[in-house]
Amino acid sequence: MEYYGNTLCISARELIDGGIMSIPNYKQLSARGRIDVVRRGGGSSNNYALVSVSSLPDTYKDKVKALYPDPSLEVLLAWLDANYEIDQAAVAYFADWRNKCGHDHATDAHVAEYVANASVLNACIRLYNNAKAIHKTMGLKYDWSMMSQAVEGYRMKTNHTLPTSMLRFRKKVNEYQAEGYACLISGKFGNQSRRKVDHKTERLILSIAVLPNKPFNTSVWEMYNSFVCGELEVWDYETGELLNPEEWTDKNGEPMSLSESTITNYLNMPKNRVLIDQKQMSYTTFMHEQMPHVHRHAPEFSFSKVSFDDRDLPRKLADTKIRPKAYYAYDVASQCVVGFAYNRYKNVDLVTDCFRSMFRLIERHGWGCPAQVEVENHLMSQWRDSFLKAGVLFPFVRFCAPMNSQEKYAEPLNGAKKRSIEHKNHLGIGRFYAKGRAYRTESKKVFDAANDTYEDKQYYTWDELIADDMRDIQEFNHSLHPNQKKYPGMTRWQVLEANMNPTLQAMDKSVWARFIGEKVSTTIRRNSYCQVVYKDWWLSKTEVIEKLEPNNWKVDAYYLTNDEGDVTDVYIFQNDRLIDKLEDLGTFNTADAEQTDEDREIFVAQQKKIADFNGYVNRNAIVPVGVAKVEQPIEVAVEVLELPTLGEPEEAVTYHVPSALESL
């Protein structure tokens, strides 16, 4: 049905398809003029015949009313149904609004309600702006009363909450066109009219809650009400200002008391809980429990990063009743322990022994130097400007922040080793405050004058604890890697060997020796050797003595050892400058009858060194020169005589001397 001009019409198609009349009836009634065909059909498919509803005979009109109880309204509802669509911009707007005011209990149901309201209003405004559609659905002009009725009839289908009254509906449409989506939001959201706890009151409650004695919520409630009643004085710690209870009164001048539940609700708000914890907790506790943290993943290659950390072994020594200190180096990719050391105290020797252990492992397998090390701050800071400076020994070095155990990757690996291996192999492994009973340890209390003494159930020797831990390390390294999806069937050690970083740099043993090797002071003797650990170590060549300072044959020897403690490499330095890497030629048996092939090889090697020395001396031999004092010449005075002046010379006379042969 639709309006044609100002006449409510029904199409011939609806009359026939709706069973109101047959085709012959329609043709007969139209031919006799019993019905008013206001528009003839024909031509395009959209040009169909329209019949005035009021011209239909009563029999057929009753059938139309049975099919369309309110014909004029049905036309409008049909148009709304055909032109209604969900406003996607409204969906985005109200979803964002819900997220921003979630503390006011805005829900998805409110979003759906406001989106339906906006979508219905969009359809009404679309009809208002379409003159052709108005003619079809309402007649010659827009009928607000009819539109409000149609919108009310559309309520069940869309679940909108638009006003029923025509005037209020018309006002809402105008507000929507002027203000947009915001006018659809209920005034209860963001309404402050019922608020009793304003910003100043809330800050006062929080200030009372962070008193040094950490009062309970009930105590905070009691102190707040005592303050507003004038029974308790409260002052600002920073300014010294005494707070005036008269500022905390209602509109009638009465003290603005609060219920215990209100106080509890404000103290338990997440935004306030964070602020309270920041004041009540230590920095370390707050950092580990409340502060955000970074999210990382392990590297792909072994030795891309090695993480160092110390720990106390769980069980105690029988002699001192203390726990041995251990220091571990973990490869982050494979989680293998690649270095370990033990000491009774947490000192520098413990750290250097761990680096030596890692060096020996690398040297034994021919691996490269780790690309990065991750170390703690308090034990390693003394080497920050030496071998733990980026580029000296390791390309990258990271010093973790003090008291930030979650930063070091070695921390969770210590826990993994303790829970998976040590707890399975030994007694008394766990923590006294553990939640799980299987991981909780207990101690025997000693009832003495101090009343705070506890003893473990069992104590152990140093050798027992160290041997047990070394076995645990081997078992841990050869247990399955936890990421079996990525490394199916592979142990940690297999992952370490199979994924070694191909870009690792070769180890510079002289630098390792300089910083983690053993040091002794020695002297170069006879221009050829030094004595280190009761053994003579030869210079690589005689030219090395050219690097020495004038009149200074003393050097510092740094040497590396293997797992058995034997010296493997010796480097000599003078004033922190590398001089040479020494060679162990050994000694040979002086008795010819007992000499072996090895003795003879040593003899030849030593003779080569001596020959090299002689060659150096000959090549640089000093050329002899003669020496004589320089004599100064004696100066003799010479008397100058003047000859007399001669007159004119006489005629020259030539004398002939006859030769002895002339007479012949």
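None of these values were measured; they are calculated from a predicted model.
In terms of modelled atom types and a separation under 3.5 Å, the side chain of Ser219 and the main chain of Pro215 share no donor-acceptor contact. Listed for the Ser55 side chain is a donor-acceptor partner under 3.5 Å among the backbone atoms of Asp36. Using modelled atom types, no side-chain atom of Asn244 and backbone atom of Glu247 make a donor-acceptor pair closer than 3.5 Å. Formation of a donor-acceptor pair under 3.5 Å by the Asp236 side chain with backbone atoms of Gly240 is not found in this model. For Glu246 (side chain) and Pro255 (main-chain N/O), no donor-acceptor pair under 3.5 Å exists by modelled atom type. One N or O on the side chain of Trp221 and one on the backbone of Leu258 form a donor-acceptor pair closer than 3.5 Å. Listed for the Asn377 side chain is no donor-acceptor partner under 3.5 Å among the backbone atoms of Phe399.
The two residues Gly489 and Gln484 make their nearest non-hydrogen contact at N-OE1, 2.6 Å. Between Ala95 and Val111, the closest heavy-atom pair is N-CG1, 4.2 Å. In plain terms, the two heavy atoms of Lys172 and Leu121 that are nearest each other are CG-CD1, 4.3 Å. Nearest heavy-atom pair across Leu504 and Ala371 is CD2-N, 3.8 Å. Closest approach of Asp309 to Ala410, counting heavy atoms only: CB-CB, 3.5 Å. Across every non-hydrogen atom of Pro482 and Gln335, the tightest pair is CG-OE1, 3.3 Å.
Using a 4.5 Å heavy-atom cutoff, the side chains of Met287 and His293 are not in contact. Contact of the Thr249 side chain with the Met256 side chain is not registered, since no non-hydrogen atoms from C-beta on lie closer than 4.5 Å. Put simply, the side chain of Phe94 does not reach to within 4.5 Å of the side chain of Glu113, judged on heavy atoms. No side-chain heavy atom of Val337 sits under 4.5 Å from any side-chain heavy atom of Leu413. Val51 is listed as a side-chain neighbour of Tyr26, based on a closest heavy-atom distance under 4.5 Å. Phe303 is listed as a side-chain neighbour of Asp331, based on a closest heavy-atom distance under 4.5 Å. Looking at heavy atoms from C-beta onward, Met223 lies in side-chain contact with Leu211 at the 4.5 angstrom threshold. With a 4.5 Å cut-off on side-chain heavy atoms, Tyr224 and Trp248 count as touching.
Under 4.0 Å is where a charged nitrogen must lie from a carboxylate oxygen, and between Glu376 and Arg398 no such pair does. A salt bridge is defined here as a Lys NZ or Arg NE, NH1 or NH2 lying under 4.0 Å from an Asp or Glu carboxylate O, and Lys305 with Glu374 meets this definition. Salt-bridge formation is detected for the pair Glu202/Lys271: a Lys NZ or Arg NE/NH1/NH2 atom is positioned less than 4.0 Å from an Asp or Glu carboxylate oxygen.
For the atom pair Gln177 CD and Glu179 CD, the distance stands at 11.5 Å (nearest 0.5 Å). Within the model, atoms OH of Tyr114 and CG of Leu184 stand 8.5 Å from one another, a figure rounded to the nearest 0.5 Å. Here the OG atom belonging to Ser334 is positioned 12.5 Å from the CG atom belonging to Asn483, to the nearest 0.5 angstrom. Within the model, atoms NZ of Lys486 and CG of Asn499 stand 7.5 Å from one another, a figure rounded to the nearest 0.5 Å. Distance check, rounded to the nearest 0.5 Å: CG of Leu480 to CD of Gln494 gives 8.5 Å. Note that CG of Asn252 and CD of Glu254 are 7.0 Å apart. Values are rounded to the nearest 0.5 Å.
Taking the centre and axis of the six-membered ring of Tyr60, the NZ or CZ atom of Arg34 falls outside the cone set by 45° and 6.0 Å. Annotation: cation-pi geometry satisfied between Arg492 and Phe476 (NZ/CZ under 6.0 angstrom from ring centroid, within 45° of ring axis).
If you check the side chains of Asn414 and Tyr330, you find a donor sitting under 3.5 Å from an acceptor. A side-chain N or O of Thr201 and one of Asp198 form a donor-acceptor pair less than 3.5 Å apart. A donor-acceptor pair shorter than 3.5 Å can be found between the side chains of Asn122 and Tyr176. A side-chain donor-acceptor contact under 3.5 Å links Tyr181 and Asp87. Asn477 and Thr491 are not linked by any side-chain donor-acceptor pair at a separation below 3.5 angstrom, with hydrogens and angles left out of the test. In summary, the side chains of Ser405 and His288 do present a donor paired with an acceptor at a separation below 3.5 Å, with no hydrogens or angles considered.
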- Task: Start with the C-alpha gap between Ser302 and Asn501, add the side-chain angles, then the distance that decides, and say whether side-chain hydrogen bond (donor to acceptor under 3.5 Å, both in side chains) holds.
- Result: CA-CA 6 Å; Ser302 305; Asn501 193 322; over 6 Å; no

- Query: Could you go step by step and tell me if Glu407 and Arg296 meet the salt bridge (Lys or Arg N to Asp or Glu O under 4.0 Å) rule?
  - Reply: CA-CA 10 Å; Glu407 183 178 1; Arg296 307 169 290 180; over 6 Å; no

- Task: Evaluate side chain to side chain contact (heavy atoms under 4.5 Å, CB included) for His423 paired with Tyr439, printing each intermediate quantity in order.
- Result: CA-CA 8 Å; His423 183 265; Tyr439 201 61; 3.7 Å; yes

- Message: Would Asn272 and Leu267 count as a side chain to side chain contact (heavy atoms under 4.5 Å, CB included) here? Give the steps.
- Response: CA-CA 6 Å; Asn272 292 335; Leu267 293 180; over 6 Å; no

- For the pair Val306 and Gln372, evaluate side chain to side chain contact (heavy atoms under 4.5 Å, CB included) and give the outcome as yes or no after the intermediate values. CA-CA 6 Å; Val306 175; Gln372 181 183 12; over 6 Å; no

- Item | Residue pair Asn265, Thr262: steps toward the side-chain hydrogen bond (donor to acceptor under 3.5 Å, both in side chains) verdict | CA-CA 5 Å; Asn265 288 338; Thr262 300; 5.5 Å; no

- Item | Worked verdict on Met21 versus Leu29 for side chain to side chain contact (heavy atoms under 4.5 Å, CB included) | CA-CA 10 Å; Met21 63 178 61; Leu29 291 174; 4.0 Å; yes

- Between Ser261 and Thr264, does a side-chain hydrogen bond (donor to acceptor under 3.5 Å, both in side chains) hold up when you go through it step by step? CA-CA 5 Å; Ser261 61; Thr264 301; over 6 Å; no

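Crowding of Met403 atom CE: a count of heavy atoms from other residues, nucleotides or ligands under 6.0 Å not exceeding 12. Annotation for Arg440: atom CZ counts as buried by contact number, over 12 foreign heavy atoms lying within 6.0 Å. Enclosure of atom NZ in Lys435 is not indicated, since only 12 or fewer non-hydrogen atoms of other residues, nucleotides or ligands lie within 6.0 angstrom. Heavy atoms from other residues, nucleotides or ligands lying under 6.0 Å from NZ of Lys27 number 12 at most. Atom CD1 of Ile23 sits in a sparse spot, with 12 or fewer heavy atoms from other residues, nucleotides or ligands closer than 6.0 Å.
Checking each of Asn225, Ile208, Thr218, Ile205 against Ile263 for a side-chain contact (heavy atoms from CB on, under 4.5 Å) leaves exactly one that passes, namely Ile205.
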